[in-house]
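What follows is a single structure, written as structure tokens, with notes after it.
Basis for what follows: all heavy atoms, side chains included, without hydrogens, waters or symmetry-related copies.
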Amino acid sequence: METQTKTQVEVEGKSKIKISGAEAIVRSLLEEGTELMFGYIGGAIMPVYDVLYDYQDQLKHVMVRHEQGAIHAAQGYARISKKPGVCLATSGPGATNLITGLADAMLDSTPLVCITGQVGSSLLGTDAFQETDVVGVSMPVTKWNFQVTKAAEIPEAIAKAFFIARSGRPGPVLLDITKDAQFAELEYSYEKITQIRSYIPYPKMDTDAVAKAALMINSAKKPFILVGQGVILSGAQKSFRKLVEKTGIPVGSTLLGLSAFPSNHPLFTGMLGMHGNYAPNINTNECDVLIAIGMRFDDRVTGNIKTYAKQAKIVHIDIDNAEIDKNVKTDVAVVADAKQAIKALLPLLNENSHEEWVKSFADLRAYEYEKVIEKDCYPIEGELKMGEIINKLSEKTKGEAIIVTDVGQHQMASARYYQFNKTQSLVTSGGLGTMGFGIPAAVGAQIAAGDERDVYAFIGDGGFQMTIQELGTISQSNLNVKIILLNNNFLGMVRQWQDMFNDKRYSYTELTNPDFITIAKGFGIEGKTISKREEADKAIDDLIAHKGPFLLEVKVGKNDNVFPMVPAGGTVSEMILE
């Protein structure tokens, strides 16, 4: 490996340091406030790792067991820290192993800066060992990507990457840096970027549109607010609460919007969508004004778009103009950052209450409680249910913990039955629905939370086995991640569809699972299995009290389904309750 030298040189009257491209990468990350990164070493990124050896006191690195684990951990870190998550990978298979996480972050607006090594620039296009066109492969799933072939390009590329990742609607960026650019020297200086020509992350808000929205909201008899993750990303939670309490308008949340508004607030009506709560879904097709803030009318929220809220006037507030009228035709669109738009709206809105309208949500909630919630959360016989375990943890933690989930039935049950009473409390894969997300995302979330908040990861037995190797990361770093494995020996969500729509033809969804506790102990992680209702309270108390990582395996009913459910192609008014 070439020697990396550091010499002072005079350039245009300014003192600059002469360093390698690899060291420029590390120094530039530090300039952007990076304190931690996730990664997996390999040949094409080795020069950076060699430099990291000298920066261990300034820049912590978490060595994962698979590159997909690195990027999901970076997502978890970003969602809790509100800083861009950073990850490193080598060329070829290392870089392509990031693609799923990039797609996940792109759909869920998670800010990431991913740096991949690449073969030397003279070998580009020759099908060299571990060469892949990662820029071409990742283009559809990144907010911006760029290949660096010269050391002098590194500082500006990293500054640009951080600015794009965190500004406006956040998202993932990828820098692919050739090995010769990492070895070569440059005269290093760093300037943060605050603007880029033709890139307008924060659109100019139309005050006339705000006034029209306020007039429509003030005249509504049955208004309904849909809150999305945009409120969390913009830091608008407090302003949003003021808006809701001033107007007295009931609130429903998207999956990623959960914890933007307290679950225990009297105006919170529950989660929207396919496995959401009955009241907000039914009343979506009863309201006269629908106010969507920081959400994109995803198909899992709307169901059949042809029958979605046709009776309502639509007010859509979103920072991304591409989302306006993409799925649902709006009557008034405010293209702006959610916090800016809410602050502009607040003085124009009348103080109000909609008691009869709010009561209609409570009546529908009572019906759902009788048909679904009571049976899920407070069963008195039969096998353990996912809902009762999630509900017990919610009660014992007062709804104030950080919840990370994988994808499947347990994800929907967690969203339904954990009460998110503290903001920024849910880390889950929304738009892409990535199985295997949960364990590595919990790694990043726990590091970001530190000692301030506890992190609990609800995982299904299918997703658990997709990234089970990250138990090694948890163990080596001694992270205080509490895993609750809800094991039904099935790919439960797919089995539910087979049960309901495919005449119980369970094609390749049943799992023969290993002894998860023995595997955890092999990684040095303590664990326990329960299968009886009388064991649950103590097991959860022990989990909460335990210091360090712990795996609680809960064997739940194999054939339990998650209700309510909007059938595929159905309208939100056609929810199946049992």
Side-chain angles (χ1 to χ4, degrees), residues 62 64-66 68-69 72-73 76 383-394 396-397 401-411 413-414 418 427-428 435-447 449 453-492 511-533 535-558:
V62 177
V64 297
R65 300 302 186 265
H66 189 282
Q68 186 174 343
H72 290 330
E383 296 174 294
L384 281 168
K385 289 181 171 287
M386 294 182 184
E388 66 179 305
I389 299 299
I390 295 160
N391 182 60
K392 282 180 185 293
L393 183 73
S394 181
K396 291 175 183 291
T397 58
I402 292 170
I403 300 300
V404 181
T405 84
D406 209 87
V407 169
Q409 286 181 315
H410 71 277
Q411 177 190 32
S414 298
Y418 194 87
V427 178
T428 194
M435 289 180 67
F437 175 88
I439 299 175
V443 167
Q446 201 284 322
I447 293 173
R453 299 179 69 187
D454 290 330
V455 174
Y456 297 89
F458 285 108
I459 314 288
D461 46 312
F464 190 60
Q465 293 177 81
M466 287 193 170
T467 49
I468 196 170
Q469 70 276 0
E470 299 307 332
L471 291 177
T473 306
I474 292 171
S475 178
Q476 184 170 342
S477 300
N478 193 31
L479 299 175
N480 191 35
V481 174
K482 315 290 183 63
I483 300 170
I484 302 175
L485 173 60
L486 298 171
N487 182 4
N488 59 9
N489 289 100
F490 262 112
L491 298 177
L511 299 175
T512 300
N513 286 327
D515 183 336
F516 292 114
I517 301 302
T518 297
I519 291 173
K521 288 180 179 177
F523 282 105
I525 296 174
E526 293 186 45
K528 181 179 182 179
T529 299
I530 64 169
S531 58
K532 297 178 180 178
R533 185 155 290 114
E535 300 172 308
D537 273 314
K538 185 179 186 304
I540 294 173
D541 288 339
D542 290 345
L543 176 75
I544 292 170
H546 185 82
K547 301 300 181 185
F550 193 90
L551 171 62
L552 175 61
E553 179 187 18
V554 183
K555 294 191 174 181
V556 296
K558 293 180 69 171

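By the ring-ring contact (aromatic ring centres under 6.0 Å, His included) test, Tyr456 is found to be paired with no residue, residues two or more places apart in sequence or in another chain being considered. Taking Lys538 as the reference, Asp542 meet the salt bridge (charged side-chain N to carboxylate O under 4.0 Å, His left out) condition, with sequence neighbours excluded. Not counting sequence neighbours, the partners of Lys385 by the salt bridge (charged side-chain N to carboxylate O under 4.0 Å, His left out) test are Asp560. Take Lys558 and apply the side-chain contact (heavy atoms from CB on, under 4.5 Å) test, not counting sequence neighbours, and it matches Asn489, Phe490, Glu510. The side-chain contact (heavy atoms from CB on, under 4.5 Å) search around Val481 returns Ala442, Gln446, Ile474, Leu479, Ile483, not counting sequence neighbours. Applying the side-chain contact (heavy atoms from CB on, under 4.5 Å) rule to Thr467 yields the partners Ile439, Pro440, Gln469, Glu470; only residues at least two apart in sequence or on another chain are considered.
The closest side-chain heavy-atom distance from Ile447 to Val443 is below 4.5 Å. Contact of the Lys392 side chain with the Asp537 side chain is registered, since non-hydrogen atoms from C-beta on lie closer than 4.5 Å. Looking at Asp454 and Thr397, their side chains never come closer than 4.5 Å, going by heavy atoms from C-beta outward. Counting heavy atoms from C-beta on, the side chains of Phe464 and Leu551 come closer than 4.5 Å. Side-chain atoms of Arg65 and Gln476, non-hydrogen and from C-beta on, do get closer than 4.5 Å to each other. The side-chain heavy atoms of Phe516 and Thr529, taken from C-beta on, include no pair separated by under 4.5 Å. Between Leu384 and Leu486, every side-chain heavy-atom pair lies at or beyond the 4.5 Å cut-off.
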Stepwise side-chain contact (heavy atoms from CB on, under 4.5 Å) test for Arg533 and Glu388: CA-CA 9 Å; Arg533 185 155 290 114; Glu388 66 179 305; 2.7 Å; yes

side-chain contact (heavy atoms from CB on, under 4.5 Å) between Met435 and Leu491, worked out: CA-CA 10 Å; Met435 289 180 67; Leu491 298 177; 4.0 Å; yes

Leu393 vs Ile403, side-chain contact (heavy atoms from CB on, under 4.5 Å): CA-CA, chis, key distance, verdict: CA-CA 10 Å; Leu393 183 73; Ile403 300 300; 4.1 Å; yes

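The NZ atom of Lys521 lies 14.0 Å from the OG atom of Ser475; values are rounded to the nearest 0.5 Å. If you take CG on Asp515 and CD on Glu553, they are separated by 7.5 Å, rounding to the nearest 0.5 Å. Interatomic distance, Ile530 CD1 to Ile540 CD1, rounded to the nearest 0.5 Å: 6.5 Å. Atom CD of Glu526 is separated from atom CG of Leu552 by 12.5 Å, given to the nearest 0.5 angstrom. A distance of 9.0 Å separates CZ of Phe550 from NZ of Lys482, quoted to the nearest 0.5 Å. Here the NE2 atom belonging to His410 is positioned 10.0 Å from the CG atom belonging to Asn488, to the nearest 0.5 angstrom.
Nearest heavy-atom pair, Gly436 versus Met466, reported as atom, atom and distance to 0.1 Å: CA-CB, 3.9 Å. Closest of all the heavy-atom pairs between Thr405 and Ser414 is CG2-CB, 3.9 Å. The minimum heavy-atom distance linking Val455 with Ala449 is given by the pair CG2-CB, 4.3 Å. Shortest non-hydrogen contact noted between Ala441 and Val427 is CB-CG1, 4.2 Å. The heavy-atom pair separating Tyr418 from Ala401 by the smallest distance is OH-N, 3.1 Å.
Side-chain atoms of Asn480 never come within 3.5 Å of backbone atoms of Pro549 as a donor-acceptor pair (strictly under, hydrogens ignored). For the pair Asn487 (side chain) and Val554 (backbone), a donor-acceptor distance under 3.5 Å is absent. Remark: side-chain polar atoms of Asp406 are paired, donor with acceptor, to backbone N or O of Gly438 under 3.5 angstrom. Looking only at distances, no side-chain donor or acceptor of Lys528 sits under 3.5 Å from a matching main-chain atom of Leu543. Looking only at distances, no side-chain donor or acceptor of Ser394 sits under 3.5 Å from a matching main-chain atom of Ile390. With Ser477 contributing its side chain and Thr473 its backbone, the two residues share a donor-acceptor pair below 3.5 Å.
Between Asp541 and Lys396 a salt bridge is recorded (basic side-chain N to carboxylate O distance below 4.0 Å).
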